[in-house]
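The shown structure was predicted, so the numbers you read here are calculated from the model rather than taken from an experiment. Every number for a ligand or one of its atoms is a count from 1 in the order of the listing.
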Amino acid sequence: MMDEAVFGLERRVTEVRQLSSASQSFDVVILGAGAAGLMCAIEAGRRGRRVALLDHADRPGKKILISGGGRCNFTNIHCQPEHFLSGNPHFAKSALARYTPQDFLDQVGKHHIPFHEKTLGQLFCDRSATDILDMLLKECAESGVTLILNARVAEVRHNAEFFLQSNMGEFRAQALVIATGGLSIPKMGATAFGYQIARQFGIAVRECRPGLVPFTLHGEDKAALCDLSGVSTEVVARFGRQQFREKMLITHRGFSGPAILQISSYWDGHSAITLDLAPGKHLMAPLLDSAGSAGARRDVAAARSALRAALPARFADRLLEVDPPAGCTNHALAEYENHLHAWTITPAGTEGYDKAEVTAGGVDTEELSARTMESRRIPGLFFIGEVVDVTGHLGGFNFQWAWASGAAAGRSV
Ligand code: FDA
């Protein structure tokens, strides 16, 4: 059903031409028909620009379709610049201010797409992510965008114009927009092409790393915890000055869940992270309160029931097994309380790009105009979306960056 709808729309907007040796001329060529490329194409097309939107995949917007568990967390109504990581924390402000969550919601409303707020300002489709992709493809069609799939670009040259050699022939345009995304989920067609183009033109790229990604654990920690795979509990995950209070999930290889994914984007790759395993709770209070009362128990069984009252039972039992309090004195219990609110663990690593939702790092923002996303070095060359060194927190912020940076470039090309 979903496939039919998407391919039906594609047929309406696609003019896949088996091109002859003659080169095809457009005002703008956009490479990458993901969230950012589609938005850029719509904005440029609405301005009457002749736009070719090229993708090497056999369908556009694949990540939109799998996002948000198939319901696409398409924006966040609380979007602010502090929800983004970047070498220059000010860079995203301009684009985010000029294309807001409300701007995207206006489109969603125009297309009568039902949605709901799940939590923390995160907006999801009621039905399916297909609604968002269909909306973008309809807008592309109305803006006269030419969508060309299965296009593999072998070479990009530039003199007065940009020339792209591909299996579909040669394309030329005055403006070239790179919207090829990051490195996450290679099996869905992620490539390093955007970074290669940047380097080809002498544009700096900040080191890339997987972001919003589960942690793996070292052998001993893994043996102690990972058979609890599936257990989840609310924590505060901290690294450096960042902290996130959300759920953590134990997996068969380590830790995941929103709190872990969020903090993973800030992790330095080798140091310990800190977890408050029971935020806002006084775990040992029942034991301390019982001090002095007749028959009060302060043994392992009492500690177990105190922990079980605040944590998932299996996790509580395991903590007492592998990391028990030093004793039952007030002092030892108070120390244990502190220990569980600032529990440290050093991840072995992350699950890498195969499981990362995003790529942190990318095209250096110092190289780009914050207003238009155009290269300062090479006029006419633009970078938008995830390929740029702007990475959102979990919760719809990455799509908002894709829409906002795409709109910024689309209004300028
Ligand atoms: P995107 O990756 O979407 O698009 C890049 C396009 O370029 C692709 O169509 C690709 O085929 C094409 N391409 C790549 N190399 C090419 C080449 N050499 N030649 C031609 N084309 C090429 N974010 C969010 O805000 N809410 C959410 O719910 C989710 N959920 C989510 C789930 C999962 C599993 C993942 C992996 C990611 C998310 N995200 C998310 C993140 C979000 O999907 C991501 O930030 C955006 O899709 C980035 O948009 P871009 O258009 O920049 O890249």
| request: Sorted by first residue and then second, give each side chain to side chain donor-acceptor pair (under 3.5 Å) pair with at least one member in residues 216-232; sequence neighbours left out. | output: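 Matches after skipping sequence neighbours: D227-R318.
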| task | Might you point out which heavy atoms bring G87 and D389 nearest each other, and give the distance in Å? | result |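 Taking G87 first and D389 second, the nearest heavy atoms are N-OD2, 2.8 Å.
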Is there any protein N/O under 3.5 Å from an N/O of ligand 1, and what does the full list of such pairs look like?
residue  : atom   : partner : partner atom : Å
ligand 1 : 9 (O)  : D55     : OD2          : 2.5
ligand 1 : 11 (O) : D55     : OD1          : 2.7
ligand 1 : 11 (O) : D55     : OD2          : 3.4
ligand 1 : 11 (O) : H56     : NE2          : 3.4
ligand 1 : 15 (N) : T191    : OG1          : 2.6
ligand 1 : 18 (N) : T191    : OG1          : 3.4
ligand 1 : 21 (N) : H56     : N            : 3.2
ligand 1 : 25 (O) : N398    : N            : 3.4
ligand 1 : 25 (O) : F399    : N            : 2.8
ligand 1 : 26 (N) : N73     : O            : 2.9
ligand 1 : 28 (O) : G68     : N            : 3.1
ligand 1 : 28 (O) : N73     : N            : 3.2
ligand 1 : 30 (N) : G68     : N            : 3.3
ligand 1 : 45 (O) : E386    : OE1          : 3.0
ligand 1 : 51 (O) : A35     : N            : 3.1
ligand 1 : 51 (O) : A36     : N            : 2.9
ligand 1 : 52 (O) : E386    : N            : 2.8

| Looking at residues at least two apart in the chain, or sitting in another chain, which of them share a salt bridge (Lys or Arg N to Asp or Glu O under 4.0 Å) with D103? | none
| message | Looking at K110 and E139, is any side-chain nitrogen of the basic one under 4.0 Å from a carboxylate oxygen of the acidic one? | response |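 Yes.
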| said: So that I can tick it off, tell me whether E161 and R172 are bridged by a salt bridge, with the cut-off set at under 4.0 angstrom between side-chain N and carboxylate O. | reply: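 Yes, this pair counts.
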| message | Taking side-chain hydrogen bond (donor to acceptor under 3.5 Å, both in side chains) as the definition, give me every residue that meets it alongside R376, ordered by chain and number, with sequence neighbours left out. | response | none
